[in-house]
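Each remark here refers to the structure printed beneath this line.
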There are 2 protein chains.
Amino acid sequence: MSYGDAMTSRARGRGTERRAEIVRAALEVIAERGYRGASLAAVAERVGLTQQGLMHHFPTKEALLVAVLEERDRWDALPAGRLRLDLLASLVEYNAMRPGVIQTFSALLGESVTEGHPARGFFTERYGRVRESMAEVLRAEYGERLPGGLTPERAAPLVVAMLDGLQYQWLLDPGSVDMAEAFRDFLALLGGAPDGSPGGS
Amino acid sequence: MSYGDAMTSRARGRGTERRAEIVRAALEVIAERGYRGASLAAVAERVGLTQQGLMHHFPTKEALLVAVLEERDRWDALPAGRLRLDLLASLVEYNAMRPGVIQTFSALLGESVTEGHPARGFFTERYGRVRESMAEVLRAEYGERLPGGLTPERAAPLVVAMLDGLQYQWLLDPGSVDMAEAFRDFLALLGGAPDGSPGGS
DNA sequence: CGGAACCTACCGATCACCAGGGAGCGGGGG
DNA sequence: CCCCCGCTCCCTGGTGATCGGTAGGTTCCG
């Protein structure tokens, strides 16, 4: 009985593909149990491996987390450069259909504020960058002074905070918070609400 | 050698006081390690007990968490009824001086979105209530239509989200985010920024 | 034949929790 | 007044499960 029953025969691009599978599984497990609650065994089982088989690809649990975080970085590296605010709203709408990713990183963000959490540095640095690029987006959209009277640098953390905060409320009770709509409401506020009533429902 | 060396002799109000000590310690430990990462032994050590001594007062770990959450409920039950927005801003300022509490509940909120977390129900219900009472506050302040054109019900989740989101950014990097200032910026936005520049640096 | 991939077996640490006992105090009956 | 009883409080000791990680082997492919 060889262990490659249905695997070795198939064309496997090499270990790289396996690693990607593992990272995907880790993302799921972290979404369900958080990083501290996620066991290597649970991740391994999801890809049909033993825990030690997994550790052949990622020597430590933290290494796996790093891979997950890097995946995230790669994921939103694209829109970092050029992005418009209305696109951001659509992105929120899109994310609302993929609860897994949001939940993973909301859980990680929550954990990361605790002492000595391995993702803390990642998030700290990331939020710094995100605020900067958000300020750029705002500057491109509104110039040096937003309609509300704020500078891009002062408004940027607000936009970021709104995104995160809405995510938590939505994750806790998707039925009672329409993330995309709420975020558009906020954007209207930021952009100096053009008229009285922004929309239906 | 009795274990009550410095304890039994002192006037001890009875077990109630001990329970309060334990809850306080649990709050600290949860702030540092999250709920899943917090061990009963660590909490016990902080109040000078063994883990089993602690379990005399709280039969399970979850019971201890419930006590912590109830403490929170009691804490912000006061301003729930009547509150004004500018008071809310001051509250943010006050909270910024007590990072422990914020960190505890930010960590718990992050964990609570994971599957089967014992605090999930608490937060879901709590946020529902908070949104409602926030809508009332907004209605009292601005009436049925806020300056931005939103109804109180639609603006409420935005205010709550802003509070939470800012907390995370602030916890990650207190130096680069002024929570109270940022929140005031947001309130200015909500209240229809009166003029061009709300304030200095 | 060498290395990548994955295994079995094992390790010490830590976890929440259980079982049972002993110290101290307060109260009620002799 | 004293003594004993019962309750609260907290301890020692131990259990099974699970954790991340180690050691060393085996299979398969190029």
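Protein chains get the first letters and strands the later ones, always in sequence-line order, with residue 1 at the start of each.
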Task: A/H57 side-chain N/O to C/dC6 phosphate OP1/OP2 under 4.0 Å - done: yes
Task: Integer-rounded Å distance: C/dA5 C1' and A/I22 CD1 - done: 10 Å
Open item on the list: What's B/A42 touching, base or sugar-phosphate or nothing? Going by heavy atoms closer than 4.0 Å.
Closed with: nothing
Task: Plane angle bin for A/F186 and B/F186 - parallel if under 30°, tilted between 30 and 60°, otherwise perpendicular - done: tilted
TODO: Tell me whether the OP1 or OP2 atom of C/dC6 has a side-chain N or O from A/H56 closer than 4.0 Å.
DONE: no
- [ ] Would you kindly give the CG-to-C1' distance between B/L65 and C/dC17, to the nearest whole Å?
- [x] 17 Å
Task: Separation of atom CG in B/L54 from atom C1' in C/dC15, rounded to whole Å - done: 14 Å
TODO: Report yes if at least one side-chain N or O of B/R18 is closer than 4.0 Å to OP1 or OP2 of D/dC10; otherwise report no.
DONE: yes
TODO: Using a strict 4.0 Å threshold on nitrogen-to-oxygen distance, state whether B/R33 and A/E115 make a salt bridge.
DONE: no
TODO: Measure the distance from OH on A/Y35 to C1' on D/dC19 and round it to the nearest whole Å.
DONE: 12 Å
TODO: Taking only the side-chain heavy atoms of A/M55 (C-beta and beyond), determine which of D/dC19, D/dG21, C/dA16 contains the nearest atom.
DONE: D/dG21
- [ ] Verify whether one side chain among A/D164 and A/Y127 offers a donor that lies under 3.5 Å from an acceptor in the other.
- [x] yes
Open item on the list: Check whether B/T104 reaches the backbone of B/L27 with its side chain - one donor and one acceptor, N or O, closer than 3.5 Å.
Closed with: yes
Task: Separation of D/dC9 C1' from B/E21 CD (nearest whole Å) - done: 13 Å
Task: Nucleotide nearest B/T50 (side chain, heavy atoms from C-beta), chosen from D/dT12, C/dA5, D/dT22 - done: D/dT12
Open item on the list: How would you summarise protein contacts on nucleotides 13-18 of chain D per nucleotide, using B for base, S for sugar-phosphate only and - for none, with heavy-atom distances below 4.0 Å?
Closed with: BB----
Task: Length of the CG-C1' vector between A/L49 and C/dT8, whole Å - done: 14 Å
Task: Salt-bridge criterion met for B/R129 and B/E125 (N-O under 4.0 Å) - done: yes
Open item on the list: I need the CG-C1' distance between A/L64 and D/dC19, as an integer number of Å.
Closed with: 15 Å
Task: B/E45 CD - D/dC11 P separation (whole Å) - done: 12 Å
Open item on the list: I'd like to know whether the aromatic ring centres of A/Y35 and A/H117 sit less than 6.0 Å apart in this structure.
Closed with: yes
- [ ] Take B/R131 and B/M134 through the test side chain to side chain contact (heavy atoms under 4.5 Å, CB included) and record every step on the way to the result.
- [x] CA-CA 5 Å; B/R131 275 192 299 264; B/M134 185 64 68; 5.6 Å; no
